[in-house]
Amino acid sequence: KREALGSLRQRLERDSRRFRFHSEPSVRRISQTEWSLTLSGDGIDSRTRHLMERLFEEAWSDARRRFRLEWSNETLSSLFRFILEPEAGGRAYVSRIDSLVHLFPRGTSDTFQHEMGHVLGFKDNYYTVWAPGACSYREEGNEADIMSNGGTGRVLDTHWDQLDRQYPVAPPRVPLR
C-alpha cells in the first residue's frame, strides 16, 4: 500500500511539473500594459512575418493590453523557430526542448494563435474524458478559452493575470551616485 501511494505521489508531482506555466525567456515586459515576444525570423520572409505579427497581436491583445511580436535574425537556439511540416493534416505542436513550433499545411490562424499561447508558457486547457454512453473518449474544455479551443476561444482575464505574475514590470532603475 505504501509503495502504491509513493508511486501515485511521484506521478502527481511529475504531472504538476508538466502542466504548470513555463516562463519564456524571450518574453519581455515593456510596460504595465505591454509585452513583447522575440522569435527567430530565420527563413521567414517579411510578408509572412507581417501576417504572423498581425495574427498574434490580434489574439494576444485587447483594449487594455498588448503583446508585440518581434523578430531576430540571430541564430540563437533559445529563440523559438517555426517548422512547416510537409504532410497535411498533422496536429500542430510546440516543442520546448528544441524551441520549435511545428505547423502543418492547412492549419488555421486559430491554431497558430493557440500554439503561440504555448510559446508564451501556457499549457493546453482541455482534457480527454471517457464518455460511457458513446463508449469512447472525447475532448472537453472551455469554449471561451484560447488554450482550450483555438477555434472559438480567446485570451481571457485569467491569461492576463498569469502573464502579470510571470512577467512583472521591472522596477525603475535608480542611477548610481
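- The two atoms that bring N125 and S148 nearest to each other are O-OG, 2.9 Å, heavy atoms only.
- Looking at heavy atoms from C-beta onward, D164 lies in side-chain contact with R29 at the 4.5 angstrom threshold.
- Note that OG of S26 is 6.0 Å distant from CG of L39, once rounded to the nearest 0.5 Å.
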*Determine, step by step, whether E115 and T111 satisfy the side chain to side chain contact (heavy atoms under 4.5 Å, CB included) criterion, reporting the C-alpha distance in whole Å, the side-chain angles of both residues, the deciding distance to 0.1 Å, and the verdict.*
CA-CA 6 Å; E115 297 307 321; T111 298; 4.2 Å; yes

*asked:* Walk me through whether V101 and I83 qualify under side chain to side chain contact (heavy atoms under 4.5 Å, CB included).
replied: CA-CA 6 Å; V101 179; I83 300 278; over 6 Å; no

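- A distance of 5.5 Å separates CG in L55 from CD in Q113, rounded to the nearest 0.5 Å.
- Counting only distance, with no hydrogens or angles, the side chain of E57 and the backbone of R66 share no donor-acceptor pair below 3.5 Å.
- Judged purely by atom type and a 3.5 angstrom limit, R49 has no side-chain atom pairing as donor or acceptor with the backbone of M52.
- Contact detail for L103 and A92: the closest heavy-atom pair is CD2-CB, 4.1 Å.
- Using a 4.0 Å cut-off between charged nitrogen and carboxylate oxygen, R28 and E70 count as a salt-bridge pair.
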*Could you walk me through whether D98 and S95 pass the side-chain hydrogen bond (donor to acceptor under 3.5 Å, both in side chains) check?*
CA-CA 6 Å; D98 52 6; S95 171; 2.5 Å; yes

*Begin with the C-alpha distance, continue with both residues' side-chain angles, and end with the deciding distance and a verdict on salt bridge (Lys or Arg N to Asp or Glu O under 4.0 Å) for R68 and E53.*
CA-CA 7 Å; R68 226 178 25 201; E53 289 167 15; over 6 Å; no

*Could you walk me through whether L120 and W35 pass the side chain to side chain contact (heavy atoms under 4.5 Å, CB included) check?*
CA-CA 11 Å; L120 295 177; W35 295 258; over 6 Å; no

_Test side chain to side chain contact (heavy atoms under 4.5 Å, CB included) applied to H118 and H22, step by step_ = CA-CA 9 Å; H118 291 306; H22 289 279; over 6 Å; no

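- Under the 4.5 Å side-chain heavy-atom criterion for grouping Ile, Leu, Val, Met, Phe, Trp and Tyr, L37 is connected to W160 within one hydrophobic cluster.
- Under the 4.5 Å side-chain contact rule for hydrophobic residues, W71 and L51 share a cluster.
- Atom-to-atom distance recorded for L156:CG and N142:CG is 6.5 Å, nearest 0.5 angstrom.
- At least one side-chain heavy atom of Y167 sits less than 4.5 Å from a side-chain heavy atom of S23.
- The pair R154-D145 does not meet the salt-bridge criterion, since no charged nitrogen lies less than 4.0 angstrom from a carboxylate oxygen.
- Under a hydrophobic-cluster definition in which Ile, Leu, Val, Met, Phe, Trp and Tyr are linked whenever side-chain heavy atoms come within less than 4.5 Å, directly or via other members, L84 and I44 are assigned to the same cluster.
- A salt bridge does not link R65 to E34: none of the charged side-chain nitrogens sits closer than 4.0 Å to a carboxylate oxygen.
- One finds the OH atom of Y93 at 14.0 Å from the NE2 atom of H114 (value rounded to the nearest 0.5 Å).
- For the atom pair CG (L163) and CH2 (W60), the distance works out to 6.5 Å, reported to the nearest 0.5 Å.
- To the nearest 0.5 Å, atoms CG (L79) and CD (E24) are separated by 8.0 Å.
- Annotation for R165 and Q162: closest pair NH2-OE1, 2.8 Å, computed over non-hydrogen atoms.
- Classification of the F112-F82 ring pair by plane angle, with boundaries at 30° and 60°, yields tilted.
- The hydrophobic clustering, which links ILVMFWY residues whose side-chain heavy atoms are closer than 4.5 Å, places V27 and L100 apart.
- Residues H159 and D161 have side chains not in contact (no heavy-atom distance under 4.5 Å, counting atoms from C-beta outward).
- Between F104 and R91, every side-chain heavy-atom pair lies at or beyond the 4.5 Å cut-off.
- The minimum heavy-atom distance linking S78 with S99 is given by the pair O-OG, 3.8 Å.
- Considering every non-hydrogen atom in both P105 and P86, the closest pair reads CG-O, 3.8 Å.
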